There are 2 protein chains.
Amino acid sequence: MVPIRAMLAEAGVTEQQWRVMRVLHERGPSDPASIARDACLLMPSLTRILRGLEAKGLVARTPHESDRRTFWVRITEAGEALIAAHLDESNRILAELEDRYGRERLDRLLDLLEELAADSARSGGLAPREDV
Amino acid sequence: MVPIRAMLAEAGVTEQQWRVMRVLHERGPSDPASIARDACLLMPSLTRILRGLEAKGLVARTPHESDRRTFWVRITEAGEALIAAHLDESNRILAELEDRYGRERLDRLLDLLEELAADSARSGGLAPREDV
DNA sequence: CGGGTTTCGTTAACAAGTGCATGAAATCGG
DNA sequence: CCGATTTCATGCACTTGTTAACGAAACCCG
């Protein structure tokens, strides 16, 4: 995913940080354990990644109402801005890829990958490493 | 690729080292630059990975006949043994995956991925990160 | 209630890779 | 022969995966 990685580098975010941002964008405010599950990260990694994102002001944590062991992680406005900006960029790259590789095949491929990912998650087997 | 990673850990090889081993297995004796290209690694990474593999006695270097800047990297007998052993293991894991996910879909998926990889290589776009 | 157990996030420490800049040797071309 | 180029190696900063241990909070049950 070279081009995507380059884009992220420019934005000052690592791949995993971006992964977490996307998960948060999809899920809305979440607790760390859920994020780790969805982003296929171990908690120690997530801790570090969240620390980084927080330092950049892209996410913020708000205390959980009833459970003081955990908390909510949510995207800040700056974070949403970054998402908006780079989802565009990401789509541009995807379009280019589509151009070269063919829309129809790409769709089939992504469908299959999604099925595989779903299936693997169910049985706890594979873990996705990278996505567009 | 959790199960594969576990298998490799048991064999005392990292993912990237295994990647290099596979490339060598396919290509036969090669020079570092070609390996780096095929394994999608930068030379600095490859240098270190080769150092590791050499230390484990899985690969060996033989001097190039005419160009003393470079050399040939080849798999040792121990290396081939490891490949043989874990290609079996790998196939077992693959079979399991096939079981869960369905032979036919898996074939389609791998076909598409191969096309995509070929296409990307041609235009220098994407780089594969991991494979079964 | 109260003590053991479980859950949850954090920290520390180590191994491994990445990317970049740089270095050093060998080769090539004029 | 000399400078440019090629090819691999190194050092450094940074990120991540992994494991183990920890501390706090919540839960459960006698």
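Keep in mind it's a predicted model, so treat the numbers as computed, not measured. A note on names: the letters A, B, ... follow the listed sequences, proteins ahead of strands, and every chain is numbered from 1.
Summarising the geometry, the separation between CD1 on B:Ile35 and P on D:dT7 is reported as 14 Å, rounded to the nearest angstrom. At whole-Å resolution of the value, CH2 in B:Trp72 and C1' in D:dT7 are 14 Å apart. In this entry the distance linking CG of B:Leu53 with C1' of C:dG17 reads 14 Å, nearest Å. Remark: P of D:dT15 and CD of A:Glu15 are 13 Å apart, rounded to the nearest angstrom. Per the geometry, CD belonging to A:Gln17 stands 11 Å off C1' belonging to D:dT16, to the nearest Å. In this structure, B:Arg68 places its CZ atom 14 Å from C1' of C:dA24, rounding to the nearest Å. At whole-Å resolution of the value, CZ in A:Arg51 and P in C:dA12 are 8 Å apart. Whole-Å rounding puts the B:Arg37 CZ to D:dC8 C1' distance at 14 Å.
Among the protein residues, A:Leu41 comes within range of the sugar-phosphate backbone only, with heavy atoms under 4.0 Å from sugar or phosphate atoms but none that close to a base. Among the heavy atoms of the strands lying under 4.0 Å from B:Thr70 are primed sugar atoms or P, OP1, OP2 only; no base atom is included.
One distance of note links CG of B:Leu50 with CD of B:Gln17; it measures 9.5 Å at 0.5 Å rounding.
Each of A:Asp67 and A:Ile49 was matched to the nucleotide of DNA chain D holding its nearest heavy atom; the match closer to the 5' end belongs to A:Ile49. Each of A:Leu42 and B:Ser34 lies near DNA chain D, and the nucleotide nearest B:Ser34 is the one positioned closer to the 5' end. A residue-by-residue look at A:Leu50 and A:Arg69 shows that A:Arg69 has its nearest nucleotide of DNA chain C further toward the 5' end.
You'll find that the side chain of B:Thr47 is closest to D:dA9, out of D:dA9, D:dG17, C:dG9. Across D:dT16, C:dT18, D:dC8, the shortest atom-to-atom separation from the side chain of B:Met43 is found for D:dC8. Which of C:dG9, D:dA26, D:dC8 sits closest to the side chain of A:Ala33 comes down to C:dG9. Of the candidates C:dA16, C:dT10, D:dT16, the closest approach to any side-chain atom of A:Thr14 belongs to D:dT16. In this structure, of C:dG9, C:dT18, D:dA9, it is D:dA9 that holds the atom nearest to the side chain of B:Arg61. For A:Pro44, taking side-chain heavy atoms from C-beta onward, the closest of the listed nucleotides C:dC20, D:dA25, D:dA20 is D:dA20. Checking C:dG9, C:dT18, D:dT16 against every side-chain atom of A:Gln16, the shortest atom distance belongs to D:dT16.
B:Asp31 and B:Ser34 share a side-chain donor-acceptor pair at under 3.5 Å.
Looking at A:Glu54 and A:Arg51, no side-chain N of the basic residue comes within less than 4.0 Å of a carboxylate O on the acidic one, giving no salt bridge. Using a cut-off of 4.0 Å between Lys/Arg side-chain N and Asp/Glu carboxylate O, A:Arg108 and A:Glu104 are scored as salt-bridged. Between B:Arg103 and B:Asp107 there is a salt bridge, since a side-chain N of the basic residue sits under 4.0 Å from a carboxylate O of the acidic one.
Each of A:Leu41 and A:Trp72 belongs to its own hydrophobic cluster when Ile, Leu, Val, Met, Phe, Trp and Tyr are linked at side-chain heavy-atom distances under 4.5 angstrom.
Between A:Ser45 and D:dT16 there is no side-chain N or O to OP1 or OP2 distance below 4.0 Å.
Looking at B:Arg48, its side chain comes within 3.5 Å of the base of C:dG19 through a donor and an acceptor atom.
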